[in-house]
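Notes for the one structure printed next.
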Amino acid sequence: GRFGDFGGRYVPESLVPACAALETAFREAWADATFHERLAELRSVYAGRPTALTPAATLSADLGITLMLKREDLAHTGSHKINNVLGQALLAQRMGKTRLIAETGAGQHGVATATAAALFGMRATIYMGERDMARQRLNVFRMELLGAEVIPVTAGSRTLKDATNEAMRGWVAAVEEAHFCLGSAAGPHPYPWLVRQFQRVIGEEARAQAAIQPDVVVACVGGGSNAAGTFAGFADTRARLVGVEAAGGAAMTHGRPGVVHGYRSMLLQDEQGQILEAESISAGLDYPGIGPEHAHLGAIGRAEYVTVTDDEAVAALRHLARAEGIICALESAHAVAWVLRAAGTPELPAGSTVLLTLSGRGDKDMATLAGVTE
Amino acid sequence: GRFGDFGGRYVPESLVPACAALETAFREAWADATFHERLAELRSVYAGRPTALTPAATLSADLGITLMLKREDLAHTGSHKINNVLGQALLAQRMGKTRLIAETGAGQHGVATATAAALFGMRATIYMGERDMARQRLNVFRMELLGAEVIPVTAGSRTLKDATNEAMRGWVAAVEEAHFCLGSAAGPHPYPWLVRQFQRVIGEEARAQAAIQPDVVVACVGGGSNAAGTFAGFADTRARLVGVEAAGGAAMTHGRPGVVHGYRSMLLQDEQGQILEAESISAGLDYPGIGPEHAHLGAIGRAEYVTVTDDEAVAALRHLARAEGIICALESAHAVAWVLRAAGTPELPAGSTVLLTLSGRGDKDMATLAGVTE
Amino acid sequence: MKRLYPYLTGGITEDWTDYLLAYQQAGADAIEIGLPFSDPMLDGTTIQQASDRALRRGTTIDAILADLAAVRDRISVPLFAMTYANLVFRDGPEVFCRRLAEAGVSGLIVPDVPVDEADGLSSAAEAAGVDLVLLAAPVTPPERLAEIAARSRGFVYAVSVLGTTGERDELAGTAAPLAARIKAVTDLPVLIGFGISRPEHATAAARAGDGVVVASTLMRRVLDGATPGELLDDVAALRAAVDQADQEVPADHAHAEVSGDRG
Amino acid sequence: MKRLYPYLTGGITEDWTDYLLAYQQAGADAIEIGLPFSDPMLDGTTIQQASDRALRRGTTIDAILADLAAVRDRISVPLFAMTYANLVFRDGPEVFCRRLAEAGVSGLIVPDVPVDEADGLSSAAEAAGVDLVLLAAPVTPPERLAEIAARSRGFVYAVSVLGTTGERDELAGTAAPLAARIKAVTDLPVLIGFGISRPEHATAAARAGDGVVVASTLMRRVLDGATPGELLDDVAALRAAVDQADQEVPADHAHAEVSGDRG
């Protein structure tokens, strides 16, 4: 949870013991072979892991690079979010919790959490901004179908930022029975670390699957869990690590240090220190913060962070669909867009071997995209 | 393509040479280790195979049986349809075809075909009933995003039956350059055989994955490709094979022998021999015919065919979602519904080990289901 | 003499047999009668619409055959039924062919029963005294073409084009070579069908073969409300066009003309 | 004497300092002033709305502190600022605490800076002469409670309930035991806050601790348009309720009463 100057546990006193207990439980679980066995089993027999590593033959030929796609879009519920929630649900069960609380933006993490709750026989309470609920009605329906209670958040911008506040408030009020199943590599310690550990399976699998070790590893970054998990598998290699932010939610590129949602990191904020609303077509990147580990990796120069516009992301989604027959999430399309833009330039020279994580599938974005297109 | 009294090649003379050429090409390909290697590679690095075999722990405990779920919902594009189209696209490429023609009902096979066409750099023309297009707008959008041309079919009931007629007409007119990528284990010889061979990976994987060999193998049946593929893996075992039809599209249960779409099988038809429209909430089972191999397996008593109502299917979808955290397709929910109904009765005695194929994921059905619920 | 076989969807209107009489009066050599099927796979939009309309009127094979029996004594030209396999097999091909024969129908065309699937139907037709007409297509390979020609009865139906029935702007370049190939292996008449939409197509096709089947262009008119009298004029025009082929040009000239690109 | 610390969101209205004067006149022992933050994680609906309204008015910390400076000579009770970490760290805690001190604010409460994260802020506050008040919660374990008590300045803020700020129907049963636990480890005053919504809650809470912080119930009135004069009456009623605790009951009776189930 502490990464250089970033991270920490900036939470109300009411949550400190819960965070501490979670940290202890996680450390114990992580040292327990049985826990890893159960997690590995769930990943394999339930969540569809290992996910494929797909050589993008057409794009590689067109761009003059070797591009490999790590296919989190094939994971159960449609994104990498399941990796994290299965780990946290297993942990919550171990801690004797009977309920999961989660925030969600587009609904992917909410669906994943509702899924894990159903699987483990727990209650699930999902906080979702009213505006996001309107934009993602079918994900709301999916969560309810899975038995979760979806609570509309009417405060502020009525999106992920506010849902996160409300979920933390909900946790404060139910801290003894409920586990807060945070969806990104953000939040108070131990979350950024714990979520990254549950997501590192992405990077580790990819590394083992790749026939050639990549020169460049690229992933989209909102809060940054898929990128954190991907990067973790290549931290000790010489691969360049590139995180791609949405231009309208580029906390790393356009933010400055601050504290929100329990952690210190780079944040979009005004001169007064009020948190700004992000503006991205991709609900999963529509968030003013970034996980503290990314802030640290950026500060020490181990990872680079670049930005991609809404238009570039939409074009990249289309390009990938036609070239490879894969409709990825708008979030993931940001990573694709950077590769399309950078390939053949000094940023990403011809001949490079690139590993790109497709964090999720695009079904959820079809309505948005149809709106953009029509 | 011939299964006892069923099957055959009832097509216009214009298509006979193309069917014959396809048969020859398929026989050669199927005997060619390189073809199998390429197909295995695509399945693994692209389509996400092997798909998981998930023990349904909660349902098993509740029902007093051992239930295993074969997870075709985790395959790329969201259903077992990808198994077939990858095989056919590879075959079409081998035959020098530059275009794929397909029919689609709910759009799952259309999306899969459009996907394979994008991957192989071919053109795709998808025929879809106008009524189905209205019901499944997002799948239309997905196909177009993948570069396919979607042609609205305005004849007859404007659903799958008519789309199939129109696709065959389209094939007649473009038979030299185009491969007809039929989506079910139906149509003229060699399709029922060829599609089952491309789908048998479901049953073969499941058999290898299952720790205990099942007493009962169950799958939903419309045209019947997922069931055919599943059953193929267990044909030489003592397992009971159970195909579950939609009550409103139960060609096996309520039909009589006849010829449509190039094959002889059990068909829903009136006293005059006019083909009836099926009426199922599940677009994939909303079809008046059934693959000829099923008609044969039923006739010789190797497989049993049962029916499930729309209401039972919807309830089963909900039940599975809450019990196991899996939102399956309405089609697959028919198989689940039968297990829920039969478990603990003489039809499916307590203690049985059951393998059930979940043919696809339910995302596509959320709008339908929300309509039913609201 | 070159032949003209116009087509009519059975039961398309209440008094549909009036069209038959008009066709006969206009000089049809035989008439093809469509028995409408819900899923006419080989038919284009026009015949689909005609089938739909007839079925929505509540027509049935029984009704059509009864109507035919009623006008039987006024019809002197041969009648061919055209329909799809499911209707033929519904009560078995024997029953079906017998009913045709009883109603005075002397031939049968089933486009989704190719020669390989025709055994049972073939014997049933023969037993009932009905000619089972087989179809050949431009893509049919030589050996198979010979088999089709040998097993066809009444005439051989040359499908002029890779495609469905339906009006077209020009006669397909594949029509004449196919007719020539068939004529080389049989003494049966070879009739060219599919896309014979205008009198000039009929002339050209009749030159290449022994005659033409004309369907969609006539059914378009019927669907649009043309009367038997108006159809009489249409068929008469086709008759004239077909007769022109008879009078003008020796067969091998005709062949050269229709097979070329007529832009 | 039991203490009463009413709360006001800074900049909630144009003439918001009139409420401060009213609070003081009604007998407040100190006043808590909220510096509004966009993401007030620990606040319930009422304080969220108050923060939103103040921010939408365009208020800033500078403006609030300037307003305070302007009424400084008319305010004799201590002022505590309550806000969130991001505003404190925006220009660094040293700058922030100095600005508070310059505006006459003598204490600071930052609910999302728990004791573990408080080092830098603690020194900065001390250097500026500002009391950094720490919060304790019902779930805080004993050792940690001792540390919080030891490092808190001014008073110890006992968070009565597991939950956010906000009006509640009854005082949480957790309030009194927590106050007792804190009082056992410190000589600092212990003020109970969160959910003190009615005078009877204030009486009960004041019996258990050394006084109460009252926020949402007052801000609800301000949001609903109540005047400073009306708030004066509200605070006076709370004052009376708190004073009642002082006069009536020995501390261990009070403890017994509020900790029981008052259903």
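Just so it is clear, the structure is predicted and the values come from calculations on it, not from any experiment.
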Beyond-backbone contact of B:V260 with C:N86, side-chain heavy atoms, under 4.5 angstrom: no

Any B:Q269 side-chain heavy atom under 4.5 Å of C:R90 side chain: yes

Against chain B, label [X] side chain, backbone, both or neither, depending on which of its atoms sit under 4.5 Å from a heavy atom there.
| X | result |
| --- | --- |
| C:A136 | backbone |
| C:D91 | neither |
| C:P138 | neither |
| C:L134 | neither |
| C:V159 | side chain |

Measure the spacing between [atom1] of [X] and [atom2] of [Y] and express it to the nearest 0.5 Å.
| X | Y | atom1 | atom2 | result |
| --- | --- | --- | --- | --- |
| B:E271 | C:D62 | CD | CG | 11.0 Å |
| C:T45 | B:E166 | OG1 | CD | 6.5 Å |
| C:L42 | B:M168 | CG | CE | 10.0 Å |

Partner set under side chain to side chain donor-acceptor pair (under 3.5 Å) for C:D112, not counting sequence neighbours: none

Residue list, side chain to side chain donor-acceptor pair (under 3.5 Å) with C:D210, at least two apart or on another chain: C:K183

Pairs of heavy atoms under 4.5 Å with chain C: top-ranked of [options]:
| options | result |
| --- | --- |
| B:D162, B:V172, B:V175 | B:V172 |
| B:T154, B:D270, B:T164, B:L276 | B:D270 |
| B:P257, B:A173, B:S157, B:G156 | B:A173 |

Shortest non-hydrogen separation from [X] to [Y] and the atoms involved:
| X | Y | answer |
| --- | --- | --- |
| C:T60 | B:Q272 | CB-OE1, 3.4 Å |
| B:P12 | C:M41 | CD-SD, 3.6 Å |
| C:F37 | B:V259 | CZ-O, 4.3 Å |
| B:A155 | C:Q48 | CB-OE1, 3.3 Å |
| C:D39 | B:N165 | OD2-ND2, 2.8 Å |

Side chain B:Q274, main chain C:S38, donor-acceptor under 3.5 Å: yes

Crowding at CD, B:E176 (>12 non-hydrogen neighbours, <6.0 Å): no

Exceeds 12 heavy-atom contacts within 6.0 angstrom, atom CG of C:D187: no

Residues of residues 13-29 of chain B with any heavy atom under 4.5 Å of a heavy atom in chain C: B:E13, B:S14, B:V16, B:P17

Selection from C:A118, C:P40, C:G44 maximising heavy-atom pairs under 4.5 Å formed with chain B: C:P40

Choice from C:L87, C:V161, C:D116 maximising heavy atom contacts with chain B below 4.5 Å: C:L87

All ring pair (Phe, Tyr, Trp, His ring centres under 6.0 Å) counterparts of B:Y263, not counting sequence neighbours: none

Interface moiety of B:L267 toward chain C, non-hydrogen atoms closer than 4.5 Å: side chain

